[in-house]
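These notes concern the structure reproduced below.
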Amino acid sequence: MIQNLRTLYQHRELMWAWMLRDIRVRYKQSLLGAAWAVLQPLSIMAVFSVIFGYIVPVPTDGTPYPVFSYTALLPWTFFSTAISFAVPSLVNNMSLVTKVYMPREIFPLAAVAGSFVDFLVAAVVYAGLMLAYRMPVTVTLIAVPALLLIQVLLTLGVVLFAAALNVFYRDVRFLVPLGLQLWMYATPIIYPVSVVPAWLRPLYMLNPMTGLIEAYRAVALYGTWPDWASLAPAAGLSVLLFVFGYVYFKTVEWQFADII
Amino acid sequence: MAVIEFQNVTKRYQIAGGTSLRDLITAAPRQLLRRNGAAGRHFLALDGVSFGVERGEVLGIIGHNGAGKTTILKLLSRVTRPTAGRINVQGRLSALIELGAGFHPDLSGRENVYLNGAILGLKKKDIDRQFDSIVAFSGLERFLEMPVKRYSSGMYVRLGFAVAIHVEPEVLLVDEVLAVGDMAFQRKCLDKIRDLRARGTTVVFVSHHMRTVESLCDRALWMERGQVRALGDLKPIVAAYTDEQNRAFAAGGPTDSQSPERRGTGEVQFTSVRLLDEAGQPTDSFGMGGRLTLELGYRAHHPVPAPSFDVALYADNGVRVATATTRLSGCTPATLSGEGVLRCVFEPLPLTPGGYSVTVAIFDQDDLMMFDQWYRAAHFLVEMAPNPNVRWQLEQDEHGVVYLPPRWEFR
């Protein structure tokens, strides 16, 4: 693992170049460019706000629903776009994978990095939203980078495993949108954790995104520090998934060129 | 000191049943029944191959398609691992295997130079330093800010090669990439490879083009069905290989799968197909507007009435350029018997610079039954003599396949 990370570090310039390529291409190809990064979480937020703010009201513990949902949608969109872009990244770059040697995790990693840029753009809108709703800026926001780090590890774990699996079984690509949709409903994005029945909680908290989203809301909306009881397992699980995903990836990596 | 060492290397590929979950699910019961899994579903790409390459040496790998040449390059570049055996490569390695690997059509030439350089292992500061030299080599100064999707295929290859050649590796792998691009550029590339060798770079060169192999390599490795057929001095190995190909031609059997595909009833067969220059010497490059002589050897196993010899010219971009038949020209013999030679002369040769191939066939008197067809029996290149009026060259891909010499009249 250390050896792998060292090799990756030796290829950092390529990693960087490939990331820039992904980002440039993404913003060059689409007419609206950066607007896409904002439009997606914003439009979902608008739909949710109408449905769950007015039509079927969801309790939000007193927070305006748009802010409540966007606080969760922002990191969730980062998570889901990263996965959607990264899973097919190896297969999409077949000609390179089969012909030039490089640490192959560069492709999924670059896709995750590209989604992070989208996230930053969308975060600017979030700041505007917070101002518009006159939400207080609290010192607890300094915990956000740590939360992001945990989320990135989780994302990488999922992505490395699924991207490698996608090389062997192309169906994985079709499972991803379905899986993400189910995962979203199993995460407190539309609703708060408080409405989840107590008997379901232990199972529910197994989803690392639950602890993360709760923590984001705590630090950004309620001005409290994350609930360690729910964040610690999420963090532990994320690290575990990352290690598992990376080890799996590096174990099967050399077979990619033979199969694609 | 050996820079590259292959010790008893074996590479077995599993012939994949498919890559979907359905394949996995349907294959599972069969695997269980058969116990020993996918026995027999393997392909032995390399079978106990050993060789070494010394520092500063150029090794040419020759052999038919599927002989294992590309697998050797893949193993050398660490894209895949051997099933058994040991591989040792010392020093920084770069592979000219896929020119323009990672080029993105929407990015500009400049952006792609940096990206491609990074893929080939160059640091950004190396590229900064060599950028002007890379651009000069490609000759694409004026198109740097243009997205490469608007490049012609020739321009694409030029830029790709220009970057690749500036990697200045200690070990360079070259896979048939020189078969693309115009003649002048190919020469430039070969010169650059010679230049690298002179500075101590070790080169492994895979090619079907024996003249290039002869002019570039020090030693040859002849691969056949995953095994080493011969290894050592260049001249005798290339001669033996060429000789065997020629004899296989004459026997009508398949030889290099890249060229011949023979089919037909066999009453009359081609025994040889040669391209001759103006002095009657075998060649595979011709000047634009010059003379091309196609020499067809044949053997009629019994006399046949009024057969027609057909010649088709194809450009490497897939366009069928021309058709000539003895019947159309009114040159068909009343009967054909025994062995003989037929010459077909194209003069002037109105083709633009680029690669072409010749497919020949013999038909019966009604043009219905095919005695023999030899698909892609010969390949040749057309070159353009330097023209003092222009700094560019005509290219098959860009300017059309045919050059019609015009008469201009200002009135």
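No hydrogens, no waters, no symmetry mates; every other heavy atom, side chains included, goes into these values. Please read all numbers here as calculations on a predicted model, not as lab measurements. Proteins get letters first, then strands, A, B, ... in listed order; numbering begins at 1 in each.
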What part of E253(A) is in contact with chain B, defined as an atom under 4.5 angstrom from a non-hydrogen atom: side chain, backbone, both or neither? neither

Please state whether the side chain, the backbone, both or neither of R104(A) comes within less than 4.5 Å of a heavy atom of chain B. side chain

Compare every heavy atom of [Y] with every heavy atom of [X], then report the nearest pair and how far apart it is.
{"X": "R24(A)", "Y": "L107(B)", "value": "CB-CD2, 4.0 Å"}
{"X": "W18(A)", "Y": "I119(B)", "value": "CZ3-CD1, 3.7 Å"}
{"X": "L115(B)", "Y": "R21(A)", "value": "CD2-CD, 3.3 Å"}
{"X": "V79(B)", "Y": "V97(A)", "value": "CG1-O, 3.5 Å"}

Take atom [atom1] of [X] as the centre, draw a 6.0 Å sphere, and report whether it contains more than 12 heavy atoms from other residues, nucleotides or ligands.
{"X": "R92(B)", "atom1": "CZ", "value": "yes"}
{"X": "W16(A)", "atom1": "CH2", "value": "no"}
{"X": "R201(A)", "atom1": "CZ", "value": "yes"}

Between L173(B), L93(B), T80(B), which has the largest tally of heavy atom pairs under 4.5 Å with chain A? T80(B)

I'd like to verify something: which residue of E111(B), K11(B), K124(B) has the highest number of heavy-atom pairs under 4.5 Å with chain A? E111(B)

Between chain B and each of M15(A), M102(A), H11(A), E13(A), count heavy-atom pairs under 4.5 Å; write down the option with the most. E13(A)

Between K74(B) and D258(A) (salt bridge meaning N to carboxylate O under 4.0 Å), is one present in this structure? no

